[in-house]
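Small disclaimer: the values here were computed from a predicted structure and weren't measured. In what follows, chains carry the letters A, B, and so on, assigned in the order in which the sequence lines appear, proteins first and then strands, with residues in each chain numbered from 1.
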2 protein chains.
Amino acid sequence: MPSLSETIQSGGLKGNLLATQCPSRQILKDVTSRWGVLVLIALQTGTLRFAELRRTVGGVSDRMLSQTLQTLEKDGFVSRFVYDVVPPHVEYSLTPMGREVTELVRALADWIEEATPGIMSKTAPAQTVEAAVTTSG
Amino acid sequence: MPSLSETIQSGGLKGNLLATQCPSRQILKDVTSRWGVLVLIALQTGTLRFAELRRTVGGVSDRMLSQTLQTLEKDGFVSRFVYDVVPPHVEYSLTPMGREVTELVRALADWIEEATPGIMSKTAPAQTVEAAVTTSG
DNA sequence: AATTATGCTTACGTTTTTGTATGTACTTAC
DNA sequence: GTAAGTACATACAAAAACGTAAGCATAATT
């Protein structure tokens, strides 16, 4: 049974995100990046072309969409299928692994979408609680 | 039954993250921020003081930890309890709502921690598939 | 008496991220 | 003939995130 210290860098089986140089942090970053989350969610409904993705994910620029897709592809979450025709035709879809993460990402996204109204309605009240504990002075 | 177009900005019940100016994006950002994820996970095991958090979350600086905690507090995910003593004593813990999101964040984190070794082992193979479709020329 | 610890804040500078504009090769629609 | 659409890359600049160092009030420790 692997202990907490048996992380990837020490030859163990899984990562420990709380450890400074754990490689998992990079993957986490890729998945939870600003556009990464949205692209994954957009692709959950099915295959989409570049321009379709750009229209689906509100606000992405060509540059960021392209960059995000490349990152997700190199991590193995997205697969790219290019038809050798002109004008260019490229299709993006989730890999089996991509579908797995996206389910979890989707769950988080759903929760947030539902919780947001409630969160936004309380204009940041002072949640801090001050204890009545005082020193003798 | 609300349709997709009935987002927050149009007076509906829930957000639509794919929409450009959906408020949910900010909450998503707060939760999935570099240190936000790690702080939530660290607090899942229980109440922690500032310095304890700093030691638990590998690599955080005072500045970022403080900033992250403030954001999570204003969103209502973390509660702050300060003892009025000197030297200062402040305890951080998850709110009921914080515990909810953290479960989802934790699920994602767990998945990633386990998948990372496999992802890292394939030094970014060219996943792209090229079709044999060609124009007549 | 000097050091360490606490929970921050502020100033400063660097790094990273993101956006904008432009170009490409070619086709279809007008 | 002109405009629009396709899937990007590239250069440049603005914006956001982040790290480092220093400071503060006070108590316990050495």
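Along DNA chain C, the nucleotide nearest to A:P88 and the one nearest to A:W35 differ in position, and the one closer to the 5' end is contacted by A:W35.
Residue A:F81 contributes atom CZ, which lies 14 Å from atom P of D:dA7 at whole-angstrom precision. Look at CG on A:L48: it is 11 Å from P on D:dA7, rounded to the nearest Å. The distance between atom CG of A:D62 and atom C1' of D:dT10, rounded to the nearest whole Å, is 13 Å. Spacing between atom CZ of A:R80 and atom P of D:dT6 amounts to 16 Å, rounded to whole angstrom units. A straight line from CG of B:L65 to P of C:dT10 spans 16 Å, rounded to a whole angstrom. Rounded to whole angstrom, the span from the CG atom of B:L69 across to the C1' atom of C:dT9 amounts to 14 Å. What separates CD of A:E52 from P of D:dG5 is a distance of 14 Å, to the nearest Å. Counting to the nearest Å, the P atom of C:dT20 and the CD atom of A:Q67 are 14 Å from each other.
Between the side chain of A:E91 and the main chain of A:R80, no donor-acceptor pair closer than 3.5 Å is present. Within the 3.5 Å criterion, the main-chain N or O of B:R106 finds no donor-acceptor partner in the side chain of B:Q44. A donor-acceptor pair is defined here as one N or O able to donate and one able to accept, closer than 3.5 Å; no such pair exists between the side chain of B:S66 and the backbone of B:R63. A donor-acceptor distance shorter than 3.5 angstrom exists from the side chain of B:N16 to the backbone of B:L18, with no hydrogens or angles considered. Side chain of B:T95 to backbone of B:G76: a donor-acceptor contact under 3.5 angstrom is found.
A:S61 comes within 4.0 angstrom of a nucleotide base, judged by non-hydrogen atoms across all strands. Nucleic acid contact class of A:Q70 (heavy atoms, under 4.0 Å, all strands): sugar-phosphate only. Using a 4.0 Å heavy-atom criterion, one finds that B:R49 contacts the sugar-phosphate atoms exclusively.
Between the base of C:dT9 and the side chain of B:R63 there is no donor-acceptor pair shorter than 3.5 Å.
Considering only side-chain atoms of A:M64, the nucleotide from D:dT6, C:dG19, D:dA27 that sits closest is C:dG19. When each of C:dT27, D:dC8, D:dC18 is scored by its nearest atom to the side-chain atoms of A:P87, the top-ranked nucleotide is C:dT27. Of the listed nucleotides (C:dT18, C:dG7, D:dC18), C:dT18 has the atom at the smallest distance from the side chain of A:R34.
Note on A:K29: a side-chain N or O is less than 4.0 Å away from OP1 or OP2 of C:dT17. The side chain of B:S33 places no N or O atom within less than 4.0 Å of a non-bridging phosphate oxygen (OP1 or OP2) of D:dA17. Checking the phosphate oxygens (OP1, OP2) of D:dA7, no side-chain nitrogen or oxygen of A:R55 falls inside 4.0 Å.
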